[in-house]
There are 2 protein chains.
Amino acid sequence: MSETSTRDRILSAAAELFARRGYAATSIRHICEQAGANVASVNYYFRSKEHLYEEVFRMLFETIASPLEEIARRRIETATQWREAIHDWILKVLRIFSAEDPPQRWAAKLFARERVAPSSVFPIVYGKFFHPLEKALEDLIRLALARRRSEHEVRKWILLIGGACDVFAYHDAPWDEVVFPAGVEKQEWLRQVAEHLTGVVCCGLPEKGSPLDGEGPK
Amino acid sequence: MSETSTRDRILSAAAELFARRGYAATSIRHICEQAGANVASVNYYFRSKEHLYEEVFRMLFETIASPLEEIARRRIETATQWREAIHDWILKVLRIFSAEDPPQRWAAKLFARERVAPSSVFPIVYGKFFHPLEKALEDLIRLALARRRSEHEVRKWILLIGGACDVFAYHDAPWDEVVFPAGVEKQEWLRQVAEHLTGVVCCGLPEKGSPLDGEGPK
DNA sequence: GTCTATATGCTGATAGAC
DNA sequence: GTCTATCAGCATATAGAC
């Protein structure tokens, strides 16, 4: 019935198991069992377990940062546009981190794993995912800071905003109660958190003397 | 020369290796080698690898939350006292997370690992460390919110403040550059970040109508 | 308490039949 | 491409000498 190739089924099973159990605790045998493939096929298609791991990351992180690209391309000339851009950045990142469906869910989980235990795939995670996200935020922050502010000021805001979003990458049970309170629908909660965080950031930004200062809509 | 017992040396070596490489990737043989003990001694003293893992957590997290207890006991009656308490909470948490010396460094790392891949020791990590920290922050937040605010408002502030601090738990290379900019001494940077975060929080808190409202020093 | 020797099982990887 | 059979190595854990 299924028309997916053996290679793709292995890739998919590996993504799930590496995400759920980690690299060391996941065996080739287990992956092949779940993929309905022979134990020898991993080495046939991917040469080794480590190469398979890298391929999983290449696949998952290839396009994951694309929702952020649109924000990075926007023309932002007023404080109102800036607020909207920051809000969108936050909400989109929250949605990536707390995705429930594969493959986004596996990507979020694997990102979290690489965050605490970086491995050979760090360059992929950083280059395809973390850096584009951070760069988009950095550009926004710079736009809202007074013209002669130091790089350190930029970084403080990145740590604040990025950090508050990062929490949602650790949303699996039994930590889920920390992140998602009972009695609120999940997407609605993400919207509320994004709105709250945006509001707090906009108490301090844009600053007086920033490129956006005094250019608000009349 | 060293007078430490075999048991303690195993515990210490295990803490380091579990923190650096994770549970699955760390072998009993490796632990014993580093501890200068016989391979059979782990099972003699701890019955199994998993029991050893639990003992490591019991040891490391027994007293780690104690710097926060003092804050939880303070009498806070003015907005100024509240600001100072929030600032202290943030700075103390930042220092725990970014500790360089063992055993705090191992505890921070193991906490981060349990955050993305919770295991049988979750109750220890949560009960001895995470919950006390969160409870102290929660009490502070509640003090600064208007009297009839919902639990959800409390949670949004916890996610914001706690999240921004969490980032510092992932400070190992190659992620260190994300967290610590070049050209600033580390402790000085932590102070700056704590000050910045406190300032941002105090734009919104304490709220009008909170228990602290209108009770500032004259 | 500390050691050696060993039991038992699983790991990643490969050779070679089909 | 897919399979079985098998390799060498390392894992946890234990039995029993000292």
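The chains referred to below are lettered A, B, ... by the order of the sequence lines, with proteins before strands, and numbering in each begins at 1.
- Rounded to whole angstrom, the span from the OH atom of Tyr45(B) across to the P atom of dA13(D) amounts to 18 Å.
- A salt bridge is absent between Arg9(B) and Glu16(B): the closest approach of a Lys/Arg side-chain nitrogen to an acidic carboxylate oxygen does not fall below 4.0 angstrom.
- Ile28(B) places its CD1 atom 16 Å from the P atom of dC10(D), with the value rounded to the nearest Å.
- Mapping Ala25(A) and Asn43(A) onto DNA chain C via the closest heavy atom, the residue that lands nearer the 5' end is Ala25(A).
- Between Thr6(A) and dT2(D) there is a side-chain N or O to OP1 or OP2 distance below 4.0 Å.
- For dT11(C), one of the phosphate oxygens OP1 or OP2 lies less than 4.0 angstrom from a side-chain nitrogen or oxygen of Ser27(A).
- Contact annotation for Ser41(B): no contact, since no heavy-atom pair falls under 4.0 Å across all strands.
- Of the side-chain N and O atoms in Asn38(B), none sit less than 4.0 angstrom from OP1 or OP2 of dG1(C).
- Whole-Å rounding puts the Leu17(B) CG to dA11(D) C1' distance at 16 Å.
- As rounded to whole Å, 12 Å separates atom C1' of dA13(C) from atom CZ of Arg47(A).
- Cation-pi geometry between Lys109(B) and Phe18(B) is not satisfied (NZ or CZ under 6.0 Å from the ring centre, within 45° of the ring normal).
- Taking atom CD1 of Ile10(B) as the reference point, atom C1' of dC3(C) lies 13 Å away to the nearest angstrom.
- Backbone-only contact: Thr26(A) has heavy atoms under 4.0 Å from sugar-phosphate atoms and none from a base.
- Classified by interplanar angle (parallel below 30°, tilted 30° to 60°, perpendicular above 60°), the ring pair Phe97(B)/Phe111(B) is parallel.
- Side-chain atoms of Trp157(A) and Arg142(A), non-hydrogen and from C-beta on, never get closer than 4.5 Å to each other.
- In this structure, Phe46(A) atom CZ and dG12(C) atom C1' are separated by 16 Å, rounded to whole Å.
- Contact annotation: the side chain of Val184(A) approaches that of Gln192(A) to within less than 4.5 Å [non-hydrogen atoms, C-beta and beyond].
- The interatomic distance linking Arg21(B) (CZ) with dC10(D) (P) rounds to 14 Å, in whole Å.
- For Ala40(A) and Glu50(B), each mapped to the nucleotide of DNA chain D holding its nearest heavy atom, the one lying further toward the 5' end belongs to Ala40(A).
- Checked against dT4(D), dT11(C), dA13(D), the side chain of Arg29(A) finds its nearest nucleotide in dT11(C).
- One interatomic measurement links the two molecules: CG of Leu52(A) to P of dA13(C), which rounds to 10 Å at whole-angstrom precision.
- Distances shorter than 4.0 Å separate none of the side-chain N or O atoms of Tyr44(B) from OP1 or OP2 on dT14(D).
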